[in-house]
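Letters go in sequence order (proteins before strands), and every chain restarts at 1.
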Number of protein chains: 2
Amino acid sequence: MAKRPVTIPDAELDVLKVLWQKGQGTVRELLGALHESGRTWSYATVATLLERLSNKGMVASDRSELAFVYRPVISKQEVRQKRVQSLVDKLYKGEPGLLVMHLLKSHPLPPDQAVEVKTLIEQMSNAPPKGGAKKKK
Amino acid sequence: MAKRPVTIPDAELDVLKVLWQKGQGTVRELLGALHESGRTWSYATVATLLERLSNKGMVASDRSELAFVYRPVISKQEVRQKRVQSLVDKLYKGEPGLLVMHLLKSHPLPPDQAVEVKTLIEQMSNAPPKGGAKKKK
DNA sequence: ATAATGCTAAGACAAGTGTCTCTCAGAGTC
DNA sequence: GACTCTGAGAGACACTTGTCTTAGCATTAT
């Protein structure tokens with residue numbers, strides 16, 4: 001059996017988020033930040049989550065200080081990328097365009113973002129994408 | 001402790017997908033369809049997944065025939081909606097616009113979809129979103 | 001009626017998740 | 001040195017997910 005792919009469950013993601021936001025931190029520091037954002041975990045819980053993230057290679061730790069200082073190894077971008085990819089694959093037949101459409105239809109954008117999107121699209125039509133290279137149609 | 005929210009894990013989602021596609025089916029029928037799409041599950045596995053989906057209220061079963069006939073209760077749209085919402089909440093600060101941007105930047109759209117999106121956006125700017133009303137600062 | 005089949009029910013079981021309690025080693029304090 | 005505070009480590013424990021084995025009931029073919 002194919003070993004299950006590495007995943008980042010929700011609880012771990014919450015820890016990662018404060019790590020991204022703070023850059024790094026000890027268990028206690030992160031615990032504090034998490035409490036502020038509503039999480040009521042105990043010290044041990046946060047430590048366990050960091051431990052697991054560490055085993056998965058998503059965070060690194062350094063013990064030059066008294067306590068371990070954790071630092072994210074994976075970026076928010078990467079996690080987003082993976083999650084989006086998986087969502088598109090699983091529910092949008094691998095076609096990101098369908099997701100975009102769905103998003104635009106069900107969640108109207110604030111005007112400024114609408115403009116931004118429009119601009120992006122226009123640029124895109126000028127410089128066509130396509131798999132291989134710069135293009136040479 | 002707050003009871004965990006109802007989720008649809010990947011394996012169950014695969015079953016749901018064939019249900020959406022076929023409209024309904026018995027365990028054996030669904031098993032067949034799943035095999036065709038590459039899943040090598042045993043009969044019992046599919047039965048278990050349907051059972052779990054049933055407990056969660058995602059599918060309904062009817063036993064007028066010899067075997068239970070399962071039918072989806074939740075629609076693909078609803079599942080998509082929930083997954084997207086959760087993704088946006090967890091990784092895009094609740095702003096779908098950010099996701100749209102990300103998608104457009106990292107996954108170039110085929111031209112026809114690009115046009116479609118553009119049209120949508122344009123319509124949107126003309127007919128501003130309902131409820132909220134577009135305010136003039 | 002019997003045997004052969006198909007179906008569901010029940011449960012097993014390992015790995016993954018969400019959370020925590022306990023214990024112990026160091027550092028700082030009196 | 002004895003006491004206390006902090007933090008790391010180990011492990012616990014219940015529930016979820018992915019998959020399956022078995023036993024037993026209903027249906028059908030012989």
Side-chain angles (χ1 to χ4, degrees), chain A residues 1-18 24-35 37-71 79 82-83 86 90, chain B residues 1-18 24-35 37-71 79 82-83 86 90:
Chain A
M1 64 308 287
K3 88 157 54 67
R4 293 199 239 186
V6 172
T7 61
I8 301 183
D10 288 355
E12 287 170 26
L13 184 57
D14 279 356
V15 174
L16 255 186
K17 286 204 278 190
V18 304
Q24 58 165 50
T26 62
V27 174
R28 193 153 300 279
E29 287 164 357
L30 299 174
L31 176 62
L34 285 161
H35 275 173
S37 43
R39 288 318 216 135
T40 59
W41 287 327
S42 76
Y43 181 99
T45 299
V46 177
T48 297
L49 293 173
L50 281 166
E51 157 86 12
R52 290 177 182 169
L53 280 168
S54 194
N55 292 337
K56 292 177 186 172
M58 313 309 258
V59 308
S61 52
D62 161 33
R63 195 178 204 171
S64 27
E65 301 300 309
L66 308 187
F68 274 118
V69 172
Y70 292 87
R71 170 172 47 74
V79 173
K82 280 198 224 285
R83 293 256 175 152
S86 140
K90 283 191 289 214
Chain B
M1 67 277 348
K3 84 156 65 57
R4 293 198 239 188
V6 172
T7 61
I8 301 183
D10 288 355
E12 288 171 26
L13 185 57
D14 279 356
V15 174
L16 254 186
K17 286 205 277 191
V18 305
Q24 57 164 50
T26 62
V27 174
R28 195 155 298 281
E29 288 163 357
L30 299 174
L31 176 62
L34 285 162
H35 275 171
S37 43
R39 287 323 216 124
T40 59
W41 286 328
S42 77
Y43 182 100
T45 300
V46 177
T48 298
L49 292 173
L50 280 166
E51 158 86 11
R52 289 178 183 168
L53 280 168
S54 194
N55 292 336
K56 293 177 186 172
M58 313 309 255
V59 308
S61 52
D62 161 31
R63 196 179 203 172
S64 27
E65 303 298 312
L66 310 188
F68 274 118
V69 172
Y70 292 88
R71 170 172 46 75
V79 173
K82 280 198 226 284
R83 292 257 176 150
S86 141
K90 284 190 288 214

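- For the pair B:T45 and D:dC20, the criterion of a side-chain N or O lying under 4.0 Å from OP1 or OP2 is met.
- Between C:dC20, D:dT19, D:dA8, one nucleotide has an atom nearer to the side chain of A:F68 than all others, and that is D:dA8.
- Atom OG of A:S37 is separated from atom CG of A:D14 by 7.0 Å, given to the nearest 0.5 angstrom.
- Note that CG of A:D10 and CG of A:L16 are 11.5 Å apart. Values are rounded to the nearest 0.5 Å.
- Picking from C:dT19, D:dT19, C:dT8 the nucleotide with the shortest atom distance to the side chain of A:R39 gives C:dT19.
- At whole-Å resolution of the value, CG in B:L16 and P in D:dG18 are 13 Å apart.
- The distance between atom CG of A:L50 and atom P of C:dC20, rounded to the nearest whole Å, is 14 Å.
- Residue A:A11 has its side chain nearest to C:dG18 when only C:dG18, D:dT6, C:dG16 are considered.
- Rounded to a whole Å, the CH2 atom of A:W41 is 8 Å from the C1' atom of C:dG18.
- When the nucleotides C:dA9, D:dG7, C:dT17 are ranked by their closest atom to the side chain of B:E51, C:dA9 comes out on top.
- Using modelled atom types and a 3.5 Å distance limit, the side chains of B:T45 and B:S42 yield a donor-acceptor pair.
- Rounded to whole angstrom, the span from the CG atom of A:D10 across to the P atom of C:dT19 amounts to 10 Å.
- Looking at the side chain of A:T7, the nearest of the listed nucleotides C:dG16, C:dG18, D:dG9 is C:dG16.
- D:dG9 atom P lies 15 Å from atom CG of A:L49, rounded to whole Å.
- One can place CG of A:L31 at 13 Å from P of D:dT6, the figure rounded to the nearest angstrom.
- With respect to B:R71 and B:D62, no salt bridge is recorded, no charged nitrogen being found less than 4.0 Å from a carboxylate O.
- Between A:R52 and C:dT17 there is no side-chain polar atom (N or O) within less than 4.0 angstrom of OP1 or OP2.
- Residue B:Y70 is the one, among B:Y70 and A:S42, whose nearest nucleotide of DNA chain C lies closer to the 5' end (criterion: closest heavy atom).
- Nearest to the side chain of B:A44, among D:dA8, D:dC20, C:dC20, sits D:dC20.
- The 5' end of DNA chain C is approached more closely, in terms of each residue's nearest nucleotide, by B:V27 than by the other of A:E12 and B:V27.
- Put simply, the side chain of A:V79 does not reach to within 4.5 Å of the side chain of A:K82, judged on heavy atoms.
- Side-chain N/O atoms of B:K56 include none lying less than 4.0 angstrom from OP1 or OP2 on D:dT16.
- Checking B:T26, B:V27, B:L31 one by one against B:E29, the side-chain contact (heavy atoms from CB on, under 4.5 Å) holds for a single residue, B:T26.
- Using a 4.0 Å cut-off, some side-chain N or O of A:Y43 falls inside it from OP1 or OP2 of D:dA8.
- Closest approach to the B:L66 side chain among D:dT28, C:dA12, C:dG18 is made by D:dT28 (side chain taken as heavy atoms from C-beta onward).
- Along DNA chain D, the nucleotide nearest A:T48 and the nucleotide nearest A:A67 are compared for position; the residue whose nucleotide lies closer to the 5' end is A:A67.
- B:L34 places its CG atom 12 Å from the P atom of D:dC20, with the value rounded to the nearest Å.
- Counting to the nearest Å, the C1' atom of D:dG7 and the CD atom of A:E29 are 13 Å from each other.
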